[in-house]
Amino acid sequence: MHFGIFPWNKINKSFFLNFFLCILSSFLFCFSHPSFVFKDGLWFLAFFSVFPVFLLVNRVSVKTVCLWGVFYSLVSYSLYGFWLVNYSIAAFISLMLLYCIWEVFLFLALKYVLIFFKSPNSFFMLPFVFVSWEYLRSLGWLGFSYGDLGYSQWNNFFMLPFASIGGVWILTFFCAFFSSFLSFVFYSLKLKSKNNAVLVSVFVLGVFSCIFSLGKVLSSPLDCNEEECKSLTVCAVQNNTDSSKYEVEFYRRDVSSLLSLSEKALEDSDIDIIVWPETSVVPPVEWNLKHGTDSDRLNLINEVLNFAGKIDSCLVLGNQSKEDDADYNAALVFNSDSLGNKKENPLIYRKIHLVPFTEYFAWKNIFPHIYKILLNGDSRLWEKGSEFSVFRVNDVGFSTPICFEDTFGSLCRTYVNNGADFLINLSNDSWAKSNTAQNQHLSMAVFRAVENECPLVRSTASGVTCVIGANGKILKQCESFSESYVVEKIKINGNKKTFYTRFGNWFAFFCVFVCVIIFIYGVFFRLLENKSKNGVECSYGKRKW
C-alpha cells in the first residue's frame, strides 16, 4: 500500500540513514552559530555542517529531494530561530514557511548539478550553488541574512579577515567547499579511487593551511600614520527596556534611565558621541514640538532636548519621524553644530531596509487584506527612507544603520563609500528575550566592521551593546539585559578602502555567474547524452557514478 510518494510499507534503513543525515546537518548548522547550547557558536562545525546535506541530496530521488529540503529547513531554522516565538508565533510560522521555500530551491539546484555531472568531481561545483543561493535570498524586501553559513565564522580570526576581500560570501564558500571536499573523498573511496582521494586531500588541506596562514597576516587592519589617524571617544548606552510596554510612564522610565547613565558616563570621561538605542525615545520629537498637545509627552521630549543642549557631545538616539502622513523608523542626531537655538531641529536618518511583515509590506496593493491584518496586529508598519545619510562630528563621518540593517553588507558598504568613517548601529532586540538572538545579531554586525575595516558601535536596548574594532574584535561590551554603558576611544582612518568596500559583492556575483555556466553546460551535456542513447555518437563518452 502506498500513501503519496512514500512506500510506507517498505521503510528501511535507507530512509533512517537519510533521516539521520538531515538531523545531523541541522544540529551542526545550529551549533556552529550562537545558539542555546553554545553562546558564541563553534565555528569549526560549519566546515562539516553541509557535508551530510550533500550526501543526502545525492542519495535521494528528484521526487523526494524537495520534501527532504522542507524537513531540513524546519529542523534547522527552528533550532536556530526559536526565539522568534517570543515575539509572535505567526511571525515564526511565516519565517519557517519562507525558509522552506528557499530550501526547496537549494536542494533542487544541488540535486540537478549532481545529475548533470555524474562524477564525484561534481561535488566541487556545489559551493558555488550554495553561495549563490544565500546571496539571492538576501535580496529584495524579503531579504533575510539570518542563518547564512559564513556568519558562523565571526570569531574565527584566522579566516575572518578574508571578509575585507569578498564579504561574508567568501567565508560561506570556504565552509561549503570543505564539506564538498569531504563528499568527494567519501565517494571516491566508495568507488575505490583511493589515489584520487589522497591527492585531492593533500592539495585541499594544503590550500586551507595557506588560507589560515594568510588570514593571520591580513588580521591587522589598515595602518595609518598618527597624523592621518583620528580618534573619537564614544559612549553606547543600554537601558534594558521592556519593549512590550506602551505607556507614557514606561517611556519616562526609559528616558530617565538613559539620562542617568549618560550623565554618569560624562562624569568619568570626555565623550565625543553618546548613542542611545533604537526607539529609545518613543514620542516623535519633531512632530510633538510642532503639533503635540499631550503635556506628558512634551515634558519628556523637553528633558531630552535640554540634555542635548547642555552637553558638548553629539547625541544620537532612536526615534519615530513623522512627515505628512508617513511614519519612519529614524535616528536623530543632535550635533554640536545644531545645539542651542537649533536643538529642536536634529539631523535625521530614516531607515531604508525595513523588516519584512513586521515593519514593511511591499504588496499592500496586491494583498490589501493581509496588509490590513498586519496593521491591526502587532506589526508597526513604516515607510522606507531613501537617503544614505552621513553625519559629521569633529570632521569625522559616521552613519547610523538601524536594527537589522547592519546584517546587510551592501547597505553598510554604501554608507562607507558615501563618506562614513565608522558606523553606529541602533538596535532593539529586547522583544526576543533571548541571549541567542542578540548574539546572532552581533555575529553579523562583526562582519560589517571587517568588510570595511572601520569601527562599529552598537547601542542596543538590552544587548549586545558594544564597540567593535576594525579587525572584528570586540573592544568592550555590556552585559546583556542590564542597565549599563560602554565608553571607548576608536581610531579612525578614512583615507583607505578595502577591496570589498570598493567592489562590493563581487564574489557572490562570480558564484552566480559560475552557476549559470554550470547549468547551461549541464543541460547541453544531458542533451548530448540523450542523443547518444538514440544512436548519435557522444564525444564525452559514458560517465559512471
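Sequence positions, counted from 1, serve as the residue numbers for this chain.
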Atom CZ of Phe447 and atom CG of Leu456: how far apart are they, to the nearest 0.5 Å?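 Phe447 CZ to Leu456 CG: 13.5 Å, rounded to 0.5 Å.
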Find out whether Val393 and Leu232 are in side-chain contact, i.e. whether some heavy atom of one side chain is under 4.5 Å from a heavy atom of the other.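 Of all side-chain heavy-atom pairs linking Leu232 with Val393, at least one is under 4.5 Å.
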Minimum side-chain heavy-atom gap Glu103-Tyr72 below 4.5 Å: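 Touching, per the 4.5 Å side-chain cut-off.
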Tell me, with the steps shown, if Phe38 and His33 meet ring pair (Phe, Tyr, Trp, His ring centres under 6.0 Å). CA-CA 8 Å; Phe38 302 105; His33 293 273; over 10 Å; no
Mind checking side chain to side chain donor-acceptor pair (under 3.5 Å) for Asp270 and listing every partner two or more places apart, or none if nothing turns up?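 Not a single residue meets the side chain to side chain donor-acceptor pair (under 3.5 Å) criterion with Asp270.
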Straight-line distance of Cys175 SG to Tyr151 OH, nearest 0.5 Å: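 Nearest 0.5 Å value for the SG-OH distance: 13.0 Å.
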Non-neighbouring partners of Asp148 that pass side chain to side chain donor-acceptor pair (under 3.5 Å), sequence neighbours left out: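 Side chain to side chain donor-acceptor pair (under 3.5 Å) check on Asp148 returns Arg137.
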Answer yes or no: is there a donor N or O on one side and an acceptor on the other, between the side chain of Arg458 and the main chain of Ala445, under 3.5 Å?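 Such a contact is absent between Arg458 side chain and Ala445 backbone.
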Less than 3.5 Å apart, any donor N or O on the side chain of Asp40 or Asn155 sitting next to an acceptor on the other?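 Judged by distance alone, the side chains do not pair up.
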Please tell me if the side chains of Phe388 and Ser399 come closer than 4.5 Å, counting only heavy atoms from C-beta onward.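 No, too far: nothing below the 4.5 Å cut-off.
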Exam field: side chain Ser434 to backbone Thr436, donor-acceptor pair closer than 3.5 Å: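 Side chain of Ser434 to backbone of Thr436, a donor-acceptor pair under 3.5 Å: yes, one is there.
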Can you name the residues that form a side chain to side chain contact (heavy atoms under 4.5 Å, CB included) with Ser94, not counting sequence neighbours?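 Result, side chain to side chain contact (heavy atoms under 4.5 Å, CB included) vs Ser94: none returned.
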May I ask you to decide whether Arg252 forms a salt bridge with Glu303, counting only side-chain N to carboxylate O separations under 4.0 Å?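 Salt bridge: no.
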Who passes ring-ring contact (aromatic ring centres under 6.0 Å, His included) against Phe361, sequence neighbours left out?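 Listed in chain order: Trp141, Phe357.
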Taking only residues two or more places apart in sequence or in another chain, which ones pass side chain to side chain donor-acceptor pair (under 3.5 Å) with Thr501?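 Applying side chain to side chain donor-acceptor pair (under 3.5 Å) to Thr501 gives Asn452, Thr498.
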What I'd like to find out is whether the side chain of Val333 reaches to under 4.5 Å of the side chain of Cys314, using heavy atoms alone.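 With C-beta onward as the side chain, the pair touches.
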Beyond-backbone contact of Thr279 with Asn319, side-chain heavy atoms, under 4.5 angstrom: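 Side-chain contact under 4.5 Å: no.
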Taking the ring of Phe404 and the ring of Tyr146, is the distance between their centroids below 6.0 Å?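 Between Phe404 and Tyr146, which both carry aromatic rings, the centre distance is not below 6.0 Å.
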Not counting sequence neighbours, which residues clear ring-ring contact (aromatic ring centres under 6.0 Å, His included) with Trp382? List them please.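 For Trp382 there are no ring-ring contact (aromatic ring centres under 6.0 Å, His included) partners, ignoring immediate neighbours.
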Run the ring pair (Phe, Tyr, Trp, His ring centres under 6.0 Å) check on Phe507 and Tyr500 step by step: do they pass? CA-CA 9 Å; Phe507 188 79; Tyr500 177 82; over 10 Å; no
Just jot down the side chain to side chain contact (heavy atoms under 4.5 Å, CB included) partners of Phe499, sequence neighbours excluded, or say none.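 If we apply the side chain to side chain contact (heavy atoms under 4.5 Å, CB included) test to Phe499, skipping adjacent residues, the hits are Ile165, Phe503, Trp506.
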Answer yes when Arg448 and Asp406 have at least one side-chain N-carboxylate O distance shorter than 4.0 Å, and no when they do not.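 Salt bridge flag = no for Asp406 with Arg448.
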Taking side chain as C-beta onward, heavy atoms only, is Cys466 less than 4.5 Å from Leu442?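 They are in contact (side-chain heavy atoms under 4.5 Å apart), so the answer is yes.
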If we ignore angles and hydrogens, is there a donor and acceptor under 3.5 Å between the side chains of Gln320 and Asn329?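 There is no such pair between these side chains.
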Verdict with reasoning, Phe130 to Trp133, per ring pair (Phe, Tyr, Trp, His ring centres under 6.0 Å): CA-CA 5 Å; Phe130 200 88; Trp133 170 75; 5.6 Å; yes
Donor + acceptor pair across side chains of Glu451, Ser164 (<3.5 Å):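 Distance-only check fails for Glu451 and Ser164.
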With rounding to the nearest 0.5 angstrom, report the CD to OG distance, Gln438 to Ser443.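 OG of Ser443 is found 12.5 Å from CD of Gln438.
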With Cys478 via side chain to side chain contact (heavy atoms under 4.5 Å, CB included) - residues at least two apart: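 Gln238, Thr465, Ser484, Val486.
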Within a radius of less than 6.0 Å around CZ of Phe82, do more than 12 heavy atoms belonging to other residues, nucleotides or ligands occur?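 More than 12 heavy atoms, drawn from other residues, nucleotides or ligands, come within 6.0 Å of this atom.
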Shortest non-hydrogen separation from Val446 to Gly472 and the atoms involved: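 Of all heavy-atom pairs spanning Val446 and Gly472, the closest is CG1-O, 3.5 Å.
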For Ile89, I'd like to know if atom CD1 has over 12 heavy atoms of other residues, nucleotides or ligands within 6.0 Å.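 Counting neighbours around CD1 of Ile89, 12 or fewer heavy atoms of other residues, nucleotides or ligands fall under 6.0 Å, so no.
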Set of residues satisfying ring-ring contact (aromatic ring centres under 6.0 Å, His included) with respect to Tyr135, sequence neighbours excluded: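 With neighbours one apart ignored, the set is Trp169, Phe509.
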Could you tell me if the side chain of Tyr415 sits less than 4.5 Å from the side chain of Leu423, heavy atoms only?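 In short, these two side chains touch, coming nearer than 4.5 Å.
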Around Lys322, counting heavy atoms of other residues, nucleotides and ligands shown, do more than 12 lie under 6.0 Å from its NZ?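 Count over threshold, so yes.
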Could you tell me which residues satisfy side chain to side chain contact (heavy atoms under 4.5 Å, CB included) with Ser280, sequence neighbours excluded, listed by chain and number?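 Partners of Ser280 by the side chain to side chain contact (heavy atoms under 4.5 Å, CB included) criterion, ordered by chain and then number, come out as Leu258, Trp276, Pro277, Leu317.
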Does a salt bridge link Glu267 with Lys264, judged by any charged N lying under 4.0 Å from a carboxylate O?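 Looking at Glu267 and Lys264, the cut-off is not met.
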I'd like to know if the side chain of Thr233 reaches the main chain of Asp272, judged simply by a donor and an acceptor atom lying under 3.5 Å from each other, with no hydrogens or angles considered.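 Side chain of Thr233 to backbone of Asp272, a donor-acceptor pair under 3.5 Å: no, none is there.
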Quick test of your reading of the model: are Glu405 and Lys384 salt-bridged, counting only N-O distances below 4.0 Å?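 Judged by the 4.0 Å cut-off on N to carboxylate O distance, Glu405 and Lys384 do not form a salt bridge.
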What residues, two or more places apart in sequence or in another chain, satisfy side chain to side chain donor-acceptor pair (under 3.5 Å) together with Asn156?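 Listed in chain order: Gln153.
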Can a side-chain donor-acceptor contact be found between Ser430 and Ser462 if the only test is distance below 3.5 angstrom?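 Checked: Ser462/Ser430 side chains show no N/O donor-acceptor pair below 3.5 Å.
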Would you say the side chain of Ile271 lies within less than 4.5 Å of the side chain of Val234, judging by non-hydrogen atoms?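 The answer is no; the side chains never approach within 4.5 Å.
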Residues forming a ring-ring contact (aromatic ring centres under 6.0 Å, His included) with Phe44, sequence neighbours excluded: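 Per chain and number, Phe44 pairs via ring-ring contact (aromatic ring centres under 6.0 Å, His included) with no residue.
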Might you confirm whether atom CZ of Phe92 has over 12 heavy atoms from other residues, nucleotides or ligands at distances under 6.0 Å?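 Check passes, neighbour count above 12.
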Presence of salt bridge, Glu359 and Lys351, under 4.0 angstrom: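 Salt bridge flag = yes for Glu359 with Lys351.
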Spacing of Asn425 atom CG and Thr407 atom OG1 [to the nearest 0.5 Å]: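 Between Asn425 CG and Thr407 OG1, I get 9.5 Å after rounding to 0.5 Å.
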Donor-acceptor pair, Ser482 side chain versus Glu479 backbone, under 3.5 Å?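 Here the side-chain-to-backbone pair exists.
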Check whether the side chains of Tyr80 and Tyr99 place a donor and an acceptor atom closer than 3.5 Å, and report yes or no.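 No, because no side-chain N or O of Tyr80 sits under 3.5 Å from a partner of the opposite role on Tyr99.
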Is it the case that the side chain of Asn505 and the backbone of Ala508 share a donor-acceptor pair, with hydrogens and angles ignored and the cut-off at 3.5 Å?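 Answer holds: no.
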